[in-house]
Protein chains: 2
Amino acid sequence: MPERTPEELVTFPKATISRFPLYFRALTEYNHQNIGLVSSEEMAQKVGVTPSQLRKDLSYFGSLGIRGAGYDVAYLLAKIKEILGMDRQRRLGIIGAGRMGMALAGYSGFKQHGLEVLALFDIDRAKWGPVNEQLTVFPLSELAAQREKLGLEIAVLTVPKAEAQKVAELAVEAGFRALWNFAPVRLEVPPEVIVQYEDIVVGVLTLSHHLARKFGT
Amino acid sequence: MPERTPEELVTFPKATISRFPLYFRALTEYNHQNIGLVSSEEMAQKVGVTPSQLRKDLSYFGSLGIRGAGYDVAYLLAKIKEILGMDRQRRLGIIGAGRMGMALAGYSGFKQHGLEVLALFDIDRAKWGPVNEQLTVFPLSELAAQREKLGLEIAVLTVPKAEAQKVAELAVEAGFRALWNFAPVRLEVPPEVIVQYEDIVVGVLTLSHHLARKFGT
DNA sequence: CTCCTCTTGTGAATAATTTCACAATCTCAA
DNA sequence: TTGAGATTGTGAAATTATTCACAAGAGGAG
Ligand SMILES: NC(=O)c1ccc[n+]([C@@H]2O[C@H](COP(=O)([O-])OP(=O)(O)OC[C@H]3O[C@@H](n4cnc5c(N)ncnc54)[C@H](O)[C@@H]3O)[C@@H](O)[C@H]2O)c1
Ligand SMILES: NC(=O)c1ccc[n+]([C@@H]2O[C@H](COP(=O)([O-])OP(=O)(O)OC[C@H]3O[C@@H](n4cnc5c(N)ncnc54)[C@H](O)[C@@H]3O)[C@@H](O)[C@H]2O)c1
């Protein structure tokens with residue numbers, strides 16, 4: 001019987017993971033500038049966190065730096081890729097080839113993060129067909145087949161909010177275990193499915209609130 | 001000498017404000033369904049928080065419910081609008097009429113939150129001109145004039161990341177005090193300017209991390 | 001008017017996250 | 001090889017956020 005993996009069970013704040021993309025981008029820049037070693041102070045300054053927060057964040061994943069010297073840029077970059085699951089390509093399928101779906105499909109920033117949009121799906125037949133050399137909009141009925149064929153792992157939901165629950169269920173049926181939902185609704189899905197919500201108005205309403213508070217307008 | 005306003009100085013968790021849009025949408029739905037009164041239990045269930053969290057969040061802004069009965073939907077809706085600064089229209093100008101800028105410009109979800117996109121700006125003259133009946137892409141040089149004329153309060157930055165710092169400075173010069181930045185870079189701005197960052201890859205990389213952890217892939 | 005039921009509002013308790021502060025230990029120069 | 005200087009890694013302290021639990025009303029029935 002294969003022994004159960006010991007499952008290194010470190011727990012860490014949820015916010016820690018959300019800071020890793022910042023660290024990743026800073027390190028990528030250092031790498032481009034041929035900087036091989038960087039201190040927590042320098043890097044923290046660049047991304048706008050405290051040095052101790054940066055060190056603590058990294059420490060949850062082991063002893064990744066060199067005492068007395070700093071962090072090896074290339075090594076830390078590799079480690080962060082591993083932690084974020086960027087050490088292998090993640091393939092995305094976008095459901096809903098409307099304004100938001102198409103904007104995401106054309107986003108050039110995904111590539112450097114190991115993310116790749118390989119297909120779009122829509123219910124509207126007018127949208128079916130190739131978008132460019134690499135990308136095609138498929139009928140929704142192709143969801144399961146293309147997921148399998150292209151190795152899609154993450155379903156991006158950019159359909160109208162009234163459709164989101166139904167489409168989420170179709171995605172789960174088609175074998176997706178990770179959903180990235182842009183529609184402003186809470187989804188009911190089986191417990192093994194991970195849902196990440198992207199609520200775009202939160203940011204701008206936070207601004208609006210600050211304007212109301214600070215400037216009284 | 002006019003006395004300093006007492007400045008009701010309640011402090012509350014930052015996350016509190018980010019939950020208000022959820023409450024707002026739930027209440028809007030109750031309103032549509034002609035439900036006049038709702039309990040914290042019912043509403044919390046709907047948005048996916050605990051009832052005590054919902055009550056605590058609201059309590060920072062006063063005693064907004066009716067003991068023994070629940071919350072008056074219409075009243076609470078009005079209060080939340082006030083808190084989020086949605087009781088008056090907020091006008092947005094989008095700088096960068098590319099894929100993301102155009103997707104946001106066409107987003108129908110802003111209206112119900114009291115947000116209104118009134119202009120786009122771009123450096124590329126090929127983009128200048130009317131988009132539809134209500135919306136025009138202006139040359140970047142029009143920024144200050146149109147901000148004043150249209151009453152724009154929030155500048156949305158959807159320019160390439162290499163341009164973002166420069167564009168932020170132009171926006172501040174043009175009189176904007178609130179920036180909503182979609183470019184993945186930290187901006188240096190004067191302290192009186194509020195910046196809200198929208199880092200789109202954080203969400204999907206969080207998913208990627210969970211996939212890597214949970215399913216080992 | 002009184003009593004009973006219901007649900008809020010909120011201090012206090014608990015939990016989570018961040019910051020502090022310093023021992024550990026690496027580098028480099030002589 | 002040693003010592004000085006630098007910077008990490010991390011328990012402990014401080015701070016911030018959430019949950020608990022119940023007193024304080026509100027409302028309705030009789
Ligand atoms: N546009 C934005 O900037 C923006 C911002 C934040 C969130 N969103 C959210 O993203 C979603 C899409 O917004 P949008 O502005 O792109 O809308 P859109 O109307 O431009 O696009 C929606 C697309 O979904 C397709 N569709 C409808 N029902 C479908 C179904 N059952 N299966 C598959 N495809 C279906 C439509 O044919 C259309 O192509 C909405 O939920 C919206 O709230 C949009
Ligand atoms: N497309 C997406 O889904 C997406 C998602 C997240 C973040 N973003 C970010 O949003 C920004 C724009 O992305 P995009 O995909 O829309 O790019 P894009 O290339 O489609 O659009 C950029 C637009 O900005 C204009 N521009 C360039 N320099 C300018 C300047 N100095 N002043 C004014 N306008 C200028 C260009 O003419 C173009 O119209 C980038 O920073 C990107 O990282 C995009």
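A, B, ... follow the sequence lines: proteins, then strands. Residue 1 opens every chain. Source: prediction; values computed, not measured.
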>> Assess whether a salt bridge exists between B/E41 and B/R55, defined as any Lys/Arg side-chain N lying under 4.0 Å from an Asp/Glu carboxylate O.
In response: no

> Quick one: does A/R147's side chain have a donor or acceptor within less than 3.5 Å of a partner on A/A174's backbone?
Replying inline: yes

> How would nucleotides 16-21 of chain C be written as a contact map, 5' to 3', with B for base contact, S for sugar-phosphate-only contact and - for no contact, using protein heavy atoms under 4.0 Å?
Replying inline: -SBBBB

> For A/E41 and D/dT8, what is the distance between atoms CD and P respectively, to the nearest whole Å?
Replying inline: 9 Å

> What does B/L64 touch in the nucleic acid at a heavy-atom separation under 4.0 angstrom: a base, only the sugar-phosphate, or nothing?
Replying inline: sugar-phosphate

> If you measure from the Lys or Arg side-chain nitrogens to the Asp or Glu carboxylate oxygens, is any gap between B/K79 and B/D87 under 4.0 Å?
Replying inline: no

> Parallel, tilted or perpendicular: which fits the ring planes of A/F61 and B/H209, with parallel below 30° and perpendicular above 60°?
Replying inline: perpendicular

>> Whether B/R90 and B/E153 form a salt bridge (side-chain N of Lys/Arg under 4.0 Å from carboxylate O of Asp/Glu) is what I want to check.
In response: yes

>> Is there a side-chain contact (heavy atoms from CB on, under 4.5 Å) between A/L152 and A/L143? Walk through the geometry before answering.
In response: CA-CA 10 Å; A/L152 306 177; A/L143 202 52; 6.0 Å; no

> Taking 4.0 angstrom as the limit, do A/D57 and A/R19 come out as a salt bridge?
Replying inline: yes

> Counting side-chain heavy atoms from CB outward, which of D/dG27, C/dG9, D/dT10 is closest to A/S59?
Replying inline: D/dT10

> Rounding to a whole Å, what distance do you find between B/M43:CE and C/dT7:P?
Replying inline: 15 Å

> If only side-chain N and O atoms of B/Y71 are considered, is one of them under 4.0 Å from the OP1 or OP2 phosphate oxygen of C/dC6?
Replying inline: no

> Any ion pair linking B/E29 and B/K46 (charged N to carboxylate O, less than 4.0 Å)?
Replying inline: yes

> Should A/L76 and A/V38 be marked as a side-chain contact (heavy atoms from CB on, under 4.5 Å) after you check the CA-CA gap, both sets of side-chain angles, and the distance that decides it?
Replying inline: CA-CA 10 Å; A/L76 187 53; A/V38 71; 5.8 Å; no

> Is there a side-chain polar atom (N or O) of A/S40 under 4.0 Å from OP1 or OP2 of D/dT7?
Replying inline: no

>> Let's see if you get this right: which residues in residues 23-34 of chain A place a heavy atom under 4.0 Å from DNA chain C?
In response: none

>> If I take atom CG in residue B/L37 and atom C1' in nucleotide C/dT7, what distance separates them, rounded to the nearest angstrom?
In response: 10 Å

>> Expressed as a whole number of angstroms, how long is the span from A/L76:CG to D/dT8:C1'?
In response: 12 Å

> Would B/R99 count as a cation-pi partner of A/Y107, with NZ or CZ less than 6.0 Å from the six-membered ring centre and within 45° of the ring normal?
Replying inline: no

Distances under 3.5 Å between protein N/O atoms and the N/O atoms of nucleotides 23-25 of chain D, please, pair by pair.
unit_1: D/dA24; atom_1: O4'; unit_2: B/R67; atom_2: NH1; d: 3.4
unit_1: D/dA24; atom_1: N3; unit_2: B/R67; atom_2: NH1; d: 2.9
unit_1: D/dG25; atom_1: N2; unit_2: B/G68; atom_2: N; d: 3.1

> In whole angstroms, how far is the C1' atom of C/dT7 from the CG atom of B/D72?
Replying inline: 15 Å

> In whole angstrom, what separates B/F61's CZ from C/dG9's P?
Replying inline: 14 Å

> If you measure from the Lys or Arg side-chain nitrogens to the Asp or Glu carboxylate oxygens, is any gap between A/E163 and A/K166 under 4.0 Å?
Replying inline: yes

